[in-house]
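To keep things clear, I will list the structure first and then write my remarks on it.
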Number of protein chains: 2
Amino acid sequence: MARPRADTFELQRDAMLQAAAQLFAERGFAGASMAQLAETCGVSKPLLYHYYRDKEHLLFGIADGYMDRLIAITAEVRALGLDPETHLRALIGRFMQEYQHSQAHHMVLVQDVKFLASAERIRVVEKQRQVVEAFAQAIARTRPRWTRKTLRVPLAMILFGMINWTFTWLRPDGPLAYDDMADVVTEIFLRGISRRSTDGDGEAE
Amino acid sequence: MARPRADTFELQRDAMLQAAAQLFAERGFAGASMAQLAETCGVSKPLLYHYYRDKEHLLFGIADGYMDRLIAITAEVRALGLDPETHLRALIGRFMQEYQHSQAHHMVLVQDVKFLASAERIRVVEKQRQVVEAFAQAIARTRPRWTRKTLRVPLAMILFGMINWTFTWLRPDGPLAYDDMADVVTEIFLRGISRRSTDGDGEAE
DNA sequence: CCTACCGATCGGTAGG
DNA sequence: CCTACCGATCGGTAGG
């Protein structure tokens, strides 16, 4: 009873975060103004500051919340208990599905995290590390015998390159579907890391 | 005799462009100030404006000049007259070598081209299209029989993802050498697109 | 939750 | 009349 508008509060807060993600993605964090954002949201600038302490707090909300979503996906897929190759396929597929609806959030994550203060930036980077680790593990499990330890993370980053770079060219309303892209990427990557490739030492079978 | 300091002029101009690339990469175009740049260069702000009309002109110089460099590399490799697979290997290798020394330029290209006015942005994007086309052609030549037309450019973008994403994680002074990364990427990609993969229609052999 | 403002700094240019 | 360059400050706008 003390806070009858709690639901509305959260909805309003989230709507502002979505609008901020869109604006930051378009103009960059430094290039976007709080006045523009207030206008987009149809509220006054002071009201914006009622929901978020400052501009950077909006940025942190976007990046941190998005990373929580990506970490949740890795956990959901892990809970399915799939065999290694199906597991990796599922990870790639689920991520591409998420990307299709999170273009703004992802662009903010890539280009604007550097504007966060040290403590907040470290929190976000640590969550990114968790996601990379989930992929590195999934990759390693498909080729348990040969993967060189030094290539564990680089292989994951190569895979992330293939799917994350789509933010520069793939459009949700374009001719190539995200699901098809996921299939193509999965095929290329699994074939690419198959027996003996990318590995020259004695651990190979 | 009329312009005895022409050489100095070009050197000074280029030094400013390098410093601007570094600063824009670190703080973003909108987040970097001309005062900071002038200080970094050890010159007055008005002198900066003597060499470059305005802030955006610096940005255009960085992006356009860098694209000229990348286009030149595709032309140099093409002039070698290599067989298809060696040609693609050479392209990847030469690009990774260039990337090792052009981190700032590439980050500016990816994150700040949106700040260019329409005409300048279109000029840069057109040069990017030329580089993508050079890669798409090189890829298609390695698998002349089966590559679906709809995947021509997407395959090139997948390859660019693998090498361009390195700007988010690979360090020139890190444990993994750029040359080794080029080898790993080339291996994965060539294996990945080998016979029948990523293609389900009758054109496959 | 608004109008009305602030200290500071922005990109760009004046006179000399 | 050109270039190369300075100290100081312009009109506007940023985050708050």
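Chain letters run A, B, ... following the sequence lines, proteins first and then strands; every chain starts at 1.
Under 4.0 angstrom from either OP1 or OP2 of D:dA4 there lies at least one side-chain N or O belonging to B:His50. Here A:Ser44 does not reach the OP1 or OP2 of C:dC1: none of its side-chain N or O atoms lies under 4.0 Å away.
Among the heavy atoms of the strands lying under 4.0 Å from B:Tyr51 are primed sugar atoms or P, OP1, OP2 only; no base atom is included. At a threshold of 4.0 angstrom between heavy atoms, the contacts of A:Ala32 are confined to the sugar-phosphate backbone, with no base atom among them.
Summarising the geometry, the separation between CE on B:Met34 and C1' on C:dA8 is reported as 19 Å, rounded to the nearest angstrom. Rounded to an integer number of Å, the gap from CD of B:Gln12 to P of D:dT3 is 17 Å. The distance from atom CZ of B:Phe29 to atom C1' of C:dC10 is 12 Å, rounded to the nearest whole Å. Here the C1' atom of nucleotide C:dG12 and the NE2 atom of B:His57 are 15 Å apart, to the nearest Å. Rounded to a whole Å, the CZ atom of B:Arg53 is 17 Å from the P atom of C:dG11. B:Leu58 places its CG atom 12 Å from the C1' atom of C:dG11, with the value rounded to the nearest Å. Remark: C1' of C:dT9 and CG of B:Leu37 are 16 Å apart, rounded to the nearest angstrom. One can place CD of A:Gln36 at 12 Å from P of D:dT13, the figure rounded to the nearest angstrom.
Taking a 6.0 Å sphere around CD of A:Gln97, one finds it holds more than 12 heavy atoms contributed by other residues, nucleotides or ligands. By the 6.0 Å contact criterion, CD on B:Glu56 is enclosed, its count of non-hydrogen atoms from other residues, nucleotides or ligands being greater than 12.
With C:dG12, C:dC2, D:dG16 as the choices, the nucleotide that has an atom nearest any side-chain atom of B:Tyr49 turns out to be C:dG12. Candidate nucleotides D:dC6, C:dC2, D:dG15 were compared by shortest atom distance to the side chain of A:Leu47, and C:dC2 ranks first. Here the nucleotide nearest the side chain of B:Lys55, chosen from C:dG11, C:dT3, D:dG15, is C:dG11.
With hydrogens and angles left out, the side chain of B:Lys45 and the base of C:dG11 share a donor-acceptor pair within 3.5 Å.
Looking at heavy atoms from C-beta onward, B:Met96 lies out of side-chain contact with B:Asp179 at the 4.5 angstrom threshold. Between B:Lys55 and B:Leu37, every side-chain heavy-atom pair lies at or beyond the 4.5 Å cut-off.
Checked by atom type and distance alone, the side chain of B:Ser102 never pairs as donor or acceptor with a backbone atom of B:His105 at under 3.5 Å.
Between C:dG16 and D:dA4, the distance separating the two C1' atoms is 13 Å to the nearest Å.
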